[in-house]
Each structure stands twice: as structure tokens, then as C-alpha cells.
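In what follows, a structure is listed as C-alpha cells, so that the remarks can point back to it.
Read the numbers this way: they start at 1 and go in the same order the structure lists the ligands and their atoms.
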Amino acid sequence: MPAPQCASCHTARAALRRPRSGQALCGACFCAAFEAEVLHTVLAGRLLPPGAVVAVGASGGKDSTVLAHVLRELAPRLGISLHLVAVDEGIGGYRDAALAAVRRQAARWDLPLTVVAYADLFGGWTMDAVARSTAGSGRSRACCTFCGVLRRRALEEGARLVGATHVVTGHNADDMAETVLMNFLRGDAGRLARGGGLGSPGEGGALPRCRPLQLASQKEVVLYAHFRRLDYFSEECVYAPEAFRGHARDLLKMLEAARPSAVLDLVHSAERLALAPAARPPPPGACSRCGALASRALCQACALLDGLNRGRPRLAIGKGRRGLDEEGPPREPQPSRPLTSEPVPDF
Ligand code: SF4
């Protein structure tokens, strides 16, 4: 049976059915609709004002690749300029190839690119060194706990280095739903309370951060990359199989099979969640070492590095530290001042 006509242009044959709406569209109309929806998210949420210098967290993966491409398309209408900022976590056999993809994107799209490395920012610590330190086996369950905190800090540092006024990351609706599930499963009321919305306004001197793809499903992100023929890196990080996030992802897939709206329902539930006063976390103060927002004497990044430098990394992630997350997606606002005076490489 021939494919139906595109429901938008009524001339081309449809190439897909949109996962949520079932609408049959050709590739060109789907991409135009996807871009229009991201534009609406940005404008309705007032995420990126005209004149903003936007640091795009670029990992080389599909989400940040799609985000950079869509924002580049929309930049003239939004009146913003873009700068790719990539973080080299120091993960052998993984990050080098991903960074190569980011460099190809920057060259192809004529966008400036800056790479910041954990080793330079964090006193020589790379994720591979953290893995060896935390487990002795080279593959630790704690890796993503460290990496999520440090990467957030590194992206902030990179964004400041290039003079950005805003930071954007490529988290999609599935990522956000997984984060909500993880926070529920850990009983982390503080993070649930902070997890809603499309980003953080830049509390405590941190740059405003947002997620323009937060309402886009992972399936549509992949479809957009396919129809735009985007070149991205699709291999999984060597530490990912250890992450708790994988369990939340599996659970979400089961939920979505039974209830297709589960992903967006979870994202919106975090936006609408209201905590009883007794369950609300105390207002954060400032880290005594770096000045970033912190609910204790030290912020998460400084506490983790402290534990690593003392050779007691588990102190930083053990009992009483369950507020730490296990992967990159949206966290509480973090640092506002440079962590170290180490030189940061500029590419
Ligand atoms: Fe970092 Fe974990 Fe993501 Fe690997 S999977 S890049 S260790 S957060």
C-alpha cells in the first residue's frame, strides 16, 4: 500500500507518523514542525532573549547535535549567537571519538568551539582516574555520580570562558522523565521540588540554563537527526551500563508501552509538584570554598573533589549524600566562580 500524502503540504508522500499525534508527514514538513515547536518552547518560556550569547553543551551525541542544529536554524529569528562548548571528561575509548564528532559539526556549521577538560579544571582528575580511585577496578558504579556533578561545573566554566550569557543543554523529554523517576525512586524531595520548569534562571550567580528540547520526545529527536542527515556519535559511554539511570530508562519504557503519554506526564508532574513546607529543602547557602550554591558547607563538586583528593571518595557519596545525581541532566544551580586557577585549553 502506498504511503499516504503528507498531512501538511499535501504534495509529498508521508515518510513517518509522529509518535505522539500519529500525524503523517513528509521529512521536510516534520523537520519544519519540529523546529517550530522548539522555537515556541524558547519564546513561550522566554528562555533566550535577543542578544544572548548561548553556550551549547556539545557532546557529539544525538541530542546536543540536534539542539545545535535547530538553534543554528533559529538563531537569526531569535537574535542570538551560538558557541559550542564541549567537555572532555577523560574517558578513554569513548570521549575522543565523540569530540571528533563535535569538531566536525563546528567546522561544518561554522560555529566556534571550545573544549574544557576535567584534567585541567579539577587538578588532574579525569573520569578514568576517578573510576580507578573509587573502585580500583576501573569501572565503578559511582562514576556517573561524580561525572554528573563535575560536568555541570565544567560546562559552566566553559560557558564563562567564552563570555556566554546563557547555557543550553540537549536534554529531551525522555531524559527529563527518567530524572523525575530517579528522584521519586530515591525519595529525593529536594530534587523533585527543583526539577520542574524548562531550566534554572541563574541563581547564586550561575549562568541561566535551559533545555529547549525538554518537550521533544527522544524518538522525534532521532527522526530529526535522520531527516536532516546529521552526523553524530552514537556509542554509549563505557561507564553508562553501571548507572542507576539505566533502570529508570527500562522502567519508563515499560510505562510508555502501557501509557504512551507517560513521558510527558512525568515531565509535567515535576512542573506541577508542590511540596509540603516540612518536606522542602532548606534554602541553599554558598559553598565555603568556591562560592557556588550549596546546601552544606561545601557544594557538591568541591565535596566530591575533596573526597577524591583525600583518597576517601566514598565519603562524598555515601550516607547522607543521596541528593547527588547519577547523570548529567538538570541539577540544582551550581558554581558561580572558577574552581581552580588551572589553565583551560581553548580550541
Ligand atoms: Fe559521565 Fe556517566 Fe555520562 Fe559516562 S555515562 S559521560 S560517566 S555521566
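- Ligand 1 has at least one atom lying under 4.0 Å from a heavy atom of R151.
- L111 and V115 fall within a single hydrophobic cluster, where Ile, Leu, Val, Met, Phe, Trp and Tyr are joined by side-chain heavy atoms under 4.5 Å apart, directly or via other members.
- Separation of atoms CG (L25) and SG (C31) is listed at 10.0 Å; rounding is to 0.5 Å.
- Ligand 1 places these atoms under 4.0 Å from at least one heavy atom of C237: 4 (Fe), 5 (S), 6 (S), 7 (S).
- Tested against Y224 for a side chain to side chain donor-acceptor pair (under 3.5 Å), the candidates E35, K219, K62 yield a single pass: E35.
- Close approach to Y239 involves these atoms of ligand 1, each under 4.0 Å from a residue heavy atom: 7 (S).
- Of the candidates C147, S59, A131, the one placing a heavy atom closest to atom 7 (S) of ligand 1 is C147.
- Across L74 and V38, no two heavy atoms sit closer than the pair CD1-CG1, 4.2 Å.
- The distance from atom CG of L113 to atom NE2 of H83, rounded to the nearest 0.5 Å, is 6.5 Å.
- At a 4.0 Å heavy-atom cut-off, ligand 1 touches C144 through backbone and side chain alike.
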